Amino acid sequence: MMRPLLKYCGNKNEEDLKITSQSAASYLGFVFVPGVKREVRPSDVKQWLSKHPNSKNKKLVALFVNATIDEIQHVISQLPIDVIQCHGTESPETVANIRAKTGVRVWKAIHHQLNGRTEMTRYAGIADGYVIDAKVSGQWGGTGQTFDWKAVPEYISEGKRQRVPVFIAGGVDTSNVKQLLAYQPDGIDLSSGLEVNGEKSTEIITQFEGVVCK
Ligand SMILES: O=C(O)c1ccccc1NCC(=O)[C@H](O)[C@H](O)COP(=O)(O)O
C-alpha cells in the first residue's frame, strides 16, 4: 500500500516548526487567519524558517479564509510558499483569480456535507488539490473533529477524476489513522492530533508516523 502524503498544519511557533521540519511530512502548513489560535505572521515564519534548514526539504502551505488578493500577496511575497490553501467559502472564480494573480498552486478546502462531492466538481480544472475537513459550526478548521469517513471514497474518486490530490483532514490522530488508511487517501492533513497542550509534540509525531509510515 502506498503511504499517503502528510501535511502537518498549524505550525504556530519556532518549536513547532523545528519539530515538524524533522518529520516525515511533505507539507507544512501555516495559518494566516486573523484571530484564530494558530494564527501566525509572515515575518515570524520567515525567521523560524531561516533557523531550521530542514524546512527547505518541505513544501510550505499558506492557509487563508476568504482573504483578499492583497492579503495573500502580502504573505507570499515574504515566504517561499508552494501552495495556497483556501479554507473558507471562496468561489471557483475567486480560486481561479488567486491562482492567476499569484502563479501559486491553490488547494480548496471542502467542509464535509451531504453534497460534498458536488461541491468539489465546481472547482474541477481550477483547484490543484483538495483538503476535505469536518464542518463545525462557527469554526473553519483545526477543530480536532472527524467527519463520517464512509464518505471518503467519493471524495477520492472525484479527486482521481480531476487528477488532483485529495487530503483528508479533521480529527485525525494516532488512535484512528489506521481506519483512515484503509481508504487509501492521497494525503492526510492534521493539526490537533499532533499536539499536547496546543504544542506539536515529537513523541506524538513519532507514534503517528510509526503507524502511517511503517
Ligand atoms: O488549524 C487551524 O487553527 C485553522 C484555523 C482556521 C482555518 C483552518 C485551520 N486549519 C486548517 C487545516 O488544514 C487543519 O489541518 C485541518 O482543519 C485539520 O485540523 P485538525 O482537526 O485539528 O487536525
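Keep in mind the model is a prediction, meaning the values are calculated, not measured. Numbering of ligands and ligand atoms starts at 1, following listing order.
- Closest protein heavy atom to atom 7 (C) of ligand 1: Trp140 CB, 3.5 Å.
- Ion pairing of Lys58 with Asp82 is absent here, as no side-chain N (NZ or NE/NH1/NH2) approaches a carboxylate O to less than 4.0 Å.
- Residue-level proximity to ligand 1 for Lys7 is carried by the side chain, the only part with a heavy atom below 4.0 angstrom.
- Between Phe147 and Trp149, the angle of the ring planes goes over 60°, which puts this pair in the perpendicular group of the 30/60° scheme.
- Ligand 1 lies nowhere less than 4.0 angstrom from a heavy atom belonging to Gly29.
- The Ser192 neighbourhood of ligand 1 comprises atoms 20 (P), 22 (O), 23 (O), with distances under 4.0 Å to a heavy atom of that residue.
- Considering backbone and side-chain N/O atoms, Gly10 never comes within less than 3.5 Å of an N/O atom of ligand 1.
- Judged by the 6.0 Å and 45° rule, Lys108 forms a cation-pi pair with Tyr123.
- Proximity to Thr143 (heavy-atom distance under 4.0 Å) selects the following atoms of ligand 1: 21 (O), 22 (O).
- Scanning all protein heavy atoms for the shortest distance to atom 5 (C) of ligand 1 gives Gly141 O, 3.7 Å.
- By the 6.0 Å contact criterion, CZ on Arg117 is enclosed, its count of non-hydrogen atoms from other residues, nucleotides or ligands being greater than 12.
- Heavy atoms of Gln85 found under 4.0 angstrom from ligand 1 belong exclusively to the side chain.
- For an aromatic pair to be called close, the ring centres must be under 6.0 Å apart, and His74 with Phe32 fails this.
- What sits closest to atom 10 (N) of ligand 1 on the protein, heavy atoms only, is Gly142 N, 3.5 Å.
- Nearest protein neighbour of atom 11 (C) of ligand 1, counting heavy atoms only, is Leu63 CD1, 3.4 Å.
- For ligand 1, the polar-atom distance check against Gly171 finds a nitrogen or oxygen pair separated by under 3.5 Å.
- The closest side-chain heavy-atom distance from Pro80 to Leu49 is below 4.5 Å.
- Heavy atoms from other residues, nucleotides or ligands lying under 6.0 Å from CZ of Arg41 number 12 at most.
- At the top of the distance list for atom 2 (C) of ligand 1, counting protein heavy atoms only, stands Arg38 NH1, 3.4 Å.
- Between Ile188 and Lys7, every side-chain heavy-atom pair lies at or beyond the 4.5 Å cut-off.
- Salt bridge status for Lys51 with Glu14: present, with a side-chain N to carboxylate O gap under 4.0 Å.
- Among all non-hydrogen protein atoms, the one lying nearest atom 16 (C) of ligand 1 is Asp133 OD2, 3.4 Å.
- Look at His87 and you'll find a heavy atom under 4.0 Å from some atom of ligand 1.
- Annotation: atom 23 (O) of ligand 1 to nearest protein heavy atom, Ser191 N, 2.9 Å.
- Taking 4.0 Å as the cut-off between side-chain N and carboxylate O, Arg38 and Glu195 count as a salt-bridged pair.
- The closest side-chain donor-acceptor pair between Gln162 and Tyr130 falls under 3.5 angstrom.
- Residue Val131 does not touch ligand 1, judged by heavy-atom distances below 4.0 Å.
- Of all protein heavy atoms, the one closest to atom 15 (O) of ligand 1 is Asp189 OD1, 2.5 Å.
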